2 protein chains.
Amino acid sequence: MAVTLKDLARIAGVAESTVSRALNDKPGVSEETREEILKLAVEYNYQPNRLAQGLAKQKTSIIALLLPDLKNPSYPELIAAVEGVANDSGYQVVLCNTAGSPEKTAAYLDLLQRNQFDGVIIVGGTPTGGKFLQLALENKNNMVLLNMLLEELLLPSHLIDYRQEGVLAAEYLLDSADSRPAALILGDAREYRETERREGFLEASRRLTGSATEVFTGVESRDDGYQVFFRIVERLEPPLSFYITENLAALGLLEAIKSGGYLVPEDFQLLGTGSNFIAGIASPQLTVVDEPLREMASNAATSLLQLLSEDKSEPEIRVYQPKIIAGATTL
Amino acid sequence: MAVTLKDLARIAGVAESTVSRALNDKPGVSEETREEILKLAVEYNYQPNRLAQGLAKQKTSIIALLLPDLKNPSYPELIAAVEGVANDSGYQVVLCNTAGSPEKTAAYLDLLQRNQFDGVIIVGGTPTGGKFLQLALENKNNMVLLNMLLEELLLPSHLIDYRQEGVLAAEYLLDSADSRPAALILGDAREYRETERREGFLEASRRLTGSATEVFTGVESRDDGYQVFFRIVERLEPPLSFYITENLAALGLLEAIKSGGYLVPEDFQLLGTGSNFIAGIASPQLTVVDEPLREMASNAATSLLQLLSEDKSEPEIRVYQPKIIAGATTL
DNA sequence: CCCCCTTGCGCAAGCGCTTGCGAATTTTCG
DNA sequence: CGAAAATTCGCAAGCGCTTGCGCAAGGGGG
């Protein structure tokens, strides 16, 4: 069907090896035959078969980006950053939607193992249960983690100082004369970042107020966020400010507050997580603990490419610092 | 590194071909050797190399889903539907983010041509400029369109009756005693669906009111939607109603209206496009012209798989009907 | 003028898998 | 019990590309 390297060789009257070398800028071909071959390649619209290339070279120049949930509004930015770096180095990026399913995660790692990808970046929140660990162990030289940390297995990772996020959040909400009681609303409490945030928040909170803090967990979706508000507000003395870590849940919570006829930030203060985009999508604009996601994503991609080229050094764990970006949902 | 088919054959003491046949449920192997081989395969954790498989079989069992913009909140649903169908048939889906860039679109089509994918689904809004047409022509038997139509090239397509969307929208907004003047706010006016919506809307509008309708185009992003409101409101007098076709822009517009101190739907009515999810994310809940996206996506995937298995019949163009789902942004 | 070092290219093996075909073995039936 | 029909399996070619190696030329220096 398509024109192959062999065809091209026949047409040019040279050996396949010569064509291959000419096309790949390898030495051992005279400038003049190289040009001739290049010309023919264009003329006949030759496209190397990547499967064959992959098989011969034992690499595909494709990396996979495993995302837990496409709904999260932070991801487009993250994806763009990864793609930018990868494309510049001649890699293609494919997006793999694990949708919270351990089986799907395993299925994609399986593709990795079957040489379909050269490496993967796993983004925080991706389920790591089931066969994950075994597969990860077998491929630990082709994986980097973004926004997560695996305690069972040391991999190159790019993540925030989540504990510090918790501390900043608590200080921001509680460290003023007229501070109100605050509640902490987490997503999947089993994740590393959530446990860290929790500890940071609770510790700072104890230091600042001396009193206990209410914690809600498992609040992940938009709807979860919406629901949780009513669970909270029907209490006798509800907490009046919230640090809520999940993007979508924060939007839902905000919605719930407004629909209950309350004012933000006068009645309830709200502090979320994440990028500008997520902050801007909310109304009023969300105050957030900002994560330098774009930078982290670029670096994660760079890490991976480096891992794939050089031979393995110590897995590098890089920790980034969060900061508060004030919006209109806090006083 | 990994255990290969050849290894397995050596271990089992049979020929490679026998192993291959056993693993692929092909006839010509006795039940007893088959079982023996299967057992060994599990024991040694054999994973067929998909590149080699692809090369030999001339197919990869991977389909690509080309998306113009990951930010669009309708896509997770669409993606899930496509993945569902594909996975059931043993296909993997990879997501390709064209991010509005014709070069990236072409790059992915290029991968298709180089046998990296078996087929692609192209989702409405994906840029079709540049080398697209040439590449598409060469691969017309592996592509289906979702939510778009290419006038230059007949491909299997799944799309809404966009003209009818326009008609419904106009009737909904204008067909009442106290109807207000309506404005039409479109995204990329060069796309098929937008021209159709426009025609439908304008035609119905003319029929119902006899007066002209204002049309704004190029309003795609959230921010575009936000901006356009102020351009509009400084020229025209409320009350007004808007039919705005882009998801994200609708959210922005809604935001702008509220931030201007106006009420929805009392001062401005708003009618958007799309699924439940997008409608629910807005506050107040958006009234939308609903598209059966999930169903369309499943069917598109089915179409593609069919295209890949059977040999080509006439490209089927399937048209779906929209309907209005009332929210709280219209009276 | 000869030898040796470059340079340019072809040969062929190999990446890991599939598959048509024929050989060897077993089963079946007259 | 022997020949024909199945059945089971191995051989080898091939998918399209890369790459180590070796062989011819060509060019320079002694």
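Note that this is a predicted model, so its numbers are computed, not measured.
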Near-strand residues of residues 41-49 of chain B, defined as heavy-atom separation under 4.0 angstrom from DNA chain D: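 Heavy-atom cutoff 4.0 Å gives no residues at all.
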Can you see whether B:Y320 engages B:N299 through a side-chain donor-acceptor pair at a distance of less than 3.5 angstrom? yes
Nucleotide nearest B:E16 (side chain, heavy atoms from C-beta), chosen from C:dT18, D:dT8, C:dA12: C:dT18
Using a cut-off of strictly less than 4.0 Å, decide whether B:T33 has a side-chain nitrogen or oxygen near OP1 or OP2 of D:dC9.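 So the side chain of B:T33 is within the cut-off, an N or O lying under 4.0 Å from OP1 or OP2 of D:dC9.
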Distance below 4.0 Å between B:T4 side-chain N/O and C:dG16 OP1 or OP2: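 B:T4 to C:dG16 OP1/OP2: no side-chain N or O under 4.0 Å.
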Degree of bending, the helix from C:dC1-D:dG30 to C:dG30-D:dC1 (end axes from five pairs; round to 10°):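 The end-segment axes of the helix from C:dC1-D:dG30 to C:dG30-D:dC1 are tilted 50° relative to each other.
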Can you confirm whether more than 12 heavy atoms, excluding those of B:E152, are under 6.0 Å from its CD atom?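 More than 12 within 6.0 Å, yes.
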One character per nucleotide, please: for nucleotides 21-28 of chain D, 5' to 3', B when the base has a protein heavy atom closer than 4.0 Å, S when only the sugar-phosphate does, - otherwise. --------
Which pair of non-hydrogen atoms, one from B:A86 and one from B:V93, has the smallest distance, and what is that distance?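 Between these two residues, the closest heavy atoms are CB-CG2, 3.5 Å.
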Heavy-atom pair with the smallest gap, counting every atom of A:L153 and A:A136: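 In terms of heavy atoms, the two residues are closest at CD2-CB, 3.7 Å.
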For B:D88, the salt bridge (charged side-chain N to carboxylate O under 4.0 Å, His left out) test, sequence neighbours excluded, returns none
Partner residues of B:D188 under the salt bridge (charged side-chain N to carboxylate O under 4.0 Å, His left out) criterion, sequence neighbours left out: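 By the salt bridge (charged side-chain N to carboxylate O under 4.0 Å, His left out) rule, B:D188 matches B:R190.
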Tell me whether A:T98 contacts the main-chain N or O of A:S101 through its side chain, where contact means a donor paired with an acceptor under 3.5 Å.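 No, the answer is negative, given that no donor and acceptor are paired below the 3.5 Å cut-off.
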Does B:D7 reach the main-chain N or O of B:T4 with its side chain, forming a donor-acceptor pair under 3.5 Å? yes
Please give me every residue in residues 50-62 of chain B whose heavy atoms get under 4.0 Å of an atom in DNA chain C, ordered by residue number.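 B:A52, B:Q53, B:A56, B:K57 - these, ordered by number, are the residues of the stretch whose heavy atoms sit under 4.0 Å from the strand.
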With hydrogens left out and only the distance checked, is there a donor-acceptor pair under 3.5 Å joining B:S17's side chain and the base of D:dC11? yes
